[in-house]
Amino acid sequence: MADKPTIHILGPGALGSLWAAKLSHDNEVILLVKPDVNKSLSPKHHSFQFINQNEATTITLPCEGSSTLPWEDGTPFSLNDTPIDTLLVFTKSYDTLKAVQQLTSRIIPSSRIVLFQNGMGSQQEVTQLLFNNTVYAASTTEGANRPDKQTVIYAGKGETWVGPISNKQSQLDAEKLSALLSSSGLNVSSSDNIWEKLWLKLAINCAINPFTALLDCKNGELIGQTLFDSNITPLCNELSEAMLVNGVTVSASELQSKVIDVIKKTHQNISSMLQDVRAGKQTEIEYINGYIEQIAQQNNRKFPTNLFLLEEVKRRF
Ligand code: PAF
């Protein structure tokens, strides 16, 4: 019998754990965790309750250290030096480069890396670091949350697109990766223009997340509030211009309709940025509206509405 493929998962938060649980049926899944994640458990395994439509399953997966630091109790990692075949990265965008850097001794030219980060900027950082590797990005609308470290709730079925962002792979490689990810049972498609998907998601995040953080409200509660109503049209104009500079054509009015559509479809959601604010965590604003401001500066343009939102979020949180 052929060996099962081995998949390493870096950053097993809500989404990483969802993929780990789903992929573990047909694959050997290994979690790469920071030293303090399992302080009360054996560092060799991590168990969690996976709740899917009110049905709970206990998932126990092997762990390896994702960094060279010892565990919190002082036990050093037997830092595994075996090469990584497939690495799925679910860290926050601002942690991604550092987290991947910790693993470079295990990344060989045939390792493939799949980035699931929000926003834009971390993908470029990783492709520059791993210029010899096949790097892919994924854009997903799957929903999961993790009320505590031992519980993962599959909150909403979505879709995932995956496509290459480095120049090293063939179409066949991309299809093989998509088939591997599809073995999760989740809805996965390969995309030959993943940048366009990432840009659209970035623009939607720019137009929803900072408002929800500043107004401390659910996505569905944005429409009708002055801050949102008076800024959304100029913001969509700026975002459409930033996309055009990067070769993605979406008119401002088309973008605004997409934003309103996502708000309506996710009206009960607490955006990822507001979740971070409420949890007292760093937000991903620098990789969302901050990335658009970088585009403005690099291209001698002014995106004042975006800059206002960026500065307000940075000032307040
Ligand atoms: O970041 C998020 O929360 C989501 O991408 C979105 C689309 C804003 C819905 O909540």
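As the structure lists them, so they are numbered: ligands from 1, and atoms in each ligand from 1.
Ligand 1 places these atoms under 4.0 Å from at least one heavy atom of S271: 3 (O), 10 (O). Ligand 1 places these atoms under 4.0 Å from at least one heavy atom of N269: 10 (O).
Polar contact with ligand 1: present for N209 (N/O pair, distance under 3.5 Å). Of the N or O atoms in N219, one or more lie within a sub-3.5 Å distance of an N or O in ligand 1.
Classification of E142 and K22 as a salt-bridged pair fails, no side-chain N sitting under 4.0 Å from a carboxylate O.
For atom 6 (C) of ligand 1, the nearest non-hydrogen atom of the protein is N205 ND2, 3.9 Å. Protein heavy atom in closest approach to atom 7 (C) of ligand 1: V262 CG1, 3.8 Å. The nearest protein atom to atom 1 (O) of ligand 1, hydrogens excluded, is given as S272 OG, 2.6 Å; this is a heavy-atom distance.
The two residues I108 and N133 have their closest heavy-atom pair at O-ND2, 2.7 Å.
Looking at residues two or more places apart in sequence or on another chain, you find a salt bridge (Lys or Arg N to Asp or Glu O under 4.0 Å) between K314 and E286.
The 12-atom threshold is exceeded at CD of Q298, counting heavy atoms of other residues, nucleotides or ligands nearer than 6.0 Å. Under a cut-off of 6.0 angstrom, the local environment of NZ in K157 is crowded, with over 12 non-hydrogen atoms contributed by other residues, nucleotides or ligands.
In this structure, CG on D173 lies 12.5 Å from OG on S178, to the nearest 0.5 angstrom.
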